[in-house]
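Have a look at the structure below before the remarks.
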2 protein chains.
Amino acid sequence: MPSKLAPDFGLGPPATGRRRELLDAAADVVAHGGLRALTHRAVDAQAGLPEGSTSSSYRTRLALLTALMEHIAWLMAHRIEAARTRIADIPAQEHEQWVEEIVALAVDLAKQPRLVRVQAELTLEAVRTPELRLTFAPWRGRFLDLVGRIAEAVTPGVVEGRVETVVAAFQGVLTTSLIQPDDERAAYVERGTRQLLALLEQQPPQA
Amino acid sequence: MPSKLAPDFGLGPPATGRRRELLDAAADVVAHGGLRALTHRAVDAQAGLPEGSTSSSYRTRLALLTALMEHIAWLMAHRIEAARTRIADIPAQEHEQWVEEIVALAVDLAKQPRLVRVQAELTLEAVRTPELRLTFAPWRGRFLDLVGRIAEAVTPGVVEGRVETVVAAFQGVLTTSLIQPDDERAAYVERGTRQLLALLEQQPPQA
DNA sequence: GAGAAAGCACTACACCTGTAGAGAAAGAAG
DNA sequence: CTTCTTTCTCTACAGGTGTAGTGCTTTCTC
């Protein structure tokens, strides 16, 4: 029983203790220097642990990479799940409030550029590393589901790919927000998110 | 006079000859293995040239990186500029056709996943490397301008950040398209692009 | 054709990286 | 306390990597 509060995101239990320490350090390393800088020894140094510590817990680089992705996915899934829970308590008629929840989630994420950076970096890496894609799939699924539920309430009816587009677009807004000045990032993301959510109000073209 | 056909994108002249060869190889390397794989010797090997060739033209890694970004920016700017030219010939009333041009541009890009990948990778790198950001700025400016012009024609009036959101979102759709199967990518991007362009039809909220 | 300039191929070298293994330390089980 | 097991630390090593230097070609310029 690794943690009593942690719900199961289809991701396995979160890392604890020494491993958690290492993965947090690894995230810092990536946020700072990109995936290129992610080496066993760099993580050791960032964590302030003796050389070999990372190599000992995660023998190969792929193992480290996979664990890091799980860690990040878990951190994000945690936030998404919280939003889902809050939304579940709001009756369907008041879907304006649902939108506010999504916006709050977006702004929350925008305030964690470190997380966003690492996530973007790992997502790109996942394009070519199937093991990583498997790890991100459940997280992505949750997010799609969350947005999909809201879409259905706001404008019932199937618009092909509507939800996928909004989620992909949201990724783009989050990533682009990284090049905004620190003090404008949250506002930038909030504005973008509101505009994107308007897409959910689109009626099915002709049906 | 490096090239008689190349317009000036504020990016300097495109690479030719040996350098062009090297940069094309570098793009392949990055598309294949990510920025992590971008080393002088990997480019030599990909280009089928003797070791030292890349190191000779681009002494430091940053030099290589900057040149690659210019190269990619040039390739993309080329396409964007072509679309801008075509759009300039269409009268403003027929802005449905403008939209079609943008969609065609998007689909064209989607069919070059190699280019998209490298661009995404470099964009992320640019977040932390100011030299690179300078190179991408003009390209991004052109794109913003292109979309902005269309926005103005479709729905006059200022909607704060409307164009930035669409461009950022488009980036997201393009990047996400990389994890789509090859034969669905173009359709995915086309659908997403059409949906995003609908954002340009939004009226200013209350004005 | 002689000389200069530029580009090119090759080599050298200090440092970094991934991975493995061997022993020390710490804790659990008997 | 003894033994077993797990985790941690440290070291080793076979490559890979960034960068600089050094002559060799080729290509202009006069």
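Sequence lines set the chain letters: A, B, ... in the order given, protein chains first and strands last, and positions in each chain run from 1.
- Using a cut-off of 4.0 Å between Lys/Arg side-chain N and Asp/Glu carboxylate O, Glu152(B) and Arg149(B) are scored as not salt-bridged.
- Phosphate contact (OP1/OP2 of dT9(D), side-chain N/O of Ser53(A), threshold under 4.0 Å): present.
- Between the P atom of dT17(D) and the CD atom of Glu51(B) lies a distance of 10 Å, rounded to the nearest Å.
- Side-chain atoms of Pro50(A) lie closest to dT9(D) of the nucleotides dT19(C), dT9(D), dA9(C).
- Side-chain proximity of Ser55(B) to dC8(D), dT19(D), dT19(C): nearest is dT19(D).
- A straight line from CG of Leu65(B) to P of dT17(D) spans 15 Å, rounded to a whole angstrom.
- At least one side-chain heavy atom of Leu105(B) sits under 4.5 Å from a side-chain heavy atom of Leu146(B).
- Backbone-only engagement by Thr39(A) is indicated by non-hydrogen atom pairs under 4.0 Å involving sugar-phosphate atoms exclusively.
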Evaluate Arg86(B) against Glu100(B) for salt bridge (Lys or Arg N to Asp or Glu O under 4.0 Å), listing each step before the verdict. CA-CA 11 Å; Arg86(B) 283 196 301 274; Glu100(B) 291 309 311; over 6 Å; no
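- One donor-acceptor pair, N or O on each side, does fall under 3.5 Å between the base of dG21(C) and the side chain of Arg59(A).
- A sub-4.0 Å separation between OP1 or OP2 of dG16(D) and a side-chain N or O of Arg36(A) is absent.
- When rounded to the nearest whole Å, the span between CG of Leu62(A) and C1' of dT19(C) equals 13 Å.
- What separates CG of Asp44(B) from C1' of dT19(D) is a distance of 13 Å, to the nearest Å.
- Within 4.0 Å of Thr60(B), counting heavy atoms only, lie sugar-phosphate atoms of the nucleic acid but no base atom.
- Out of dA20(D), dT17(D), dC8(C), the shortest distance to the side chain of Ser57(B) is found at dC8(C).
- In this entry the distance linking CG of Leu22(B) with P of dC8(C) reads 8 Å, nearest Å.
- Remark: Arg18(B) is in phosphate contact with dA9(C), judged by side-chain N or O atoms under 4.0 Å from OP1 or OP2.
- Atom CZ in Arg61(B) sits about 10 Å away from atom P in dT17(D), given to the nearest Å.
- Taking a cutoff of 4.0 Å between a charged side-chain nitrogen and a carboxylate oxygen, Asp108(B) and Lys111(B) do not qualify as a salt bridge.
- Base pairing analysis places dG1(C) opposite dC30(D); the two distances defining the Watson-Crick or G-U wobble pair are each below 3.5 Å.
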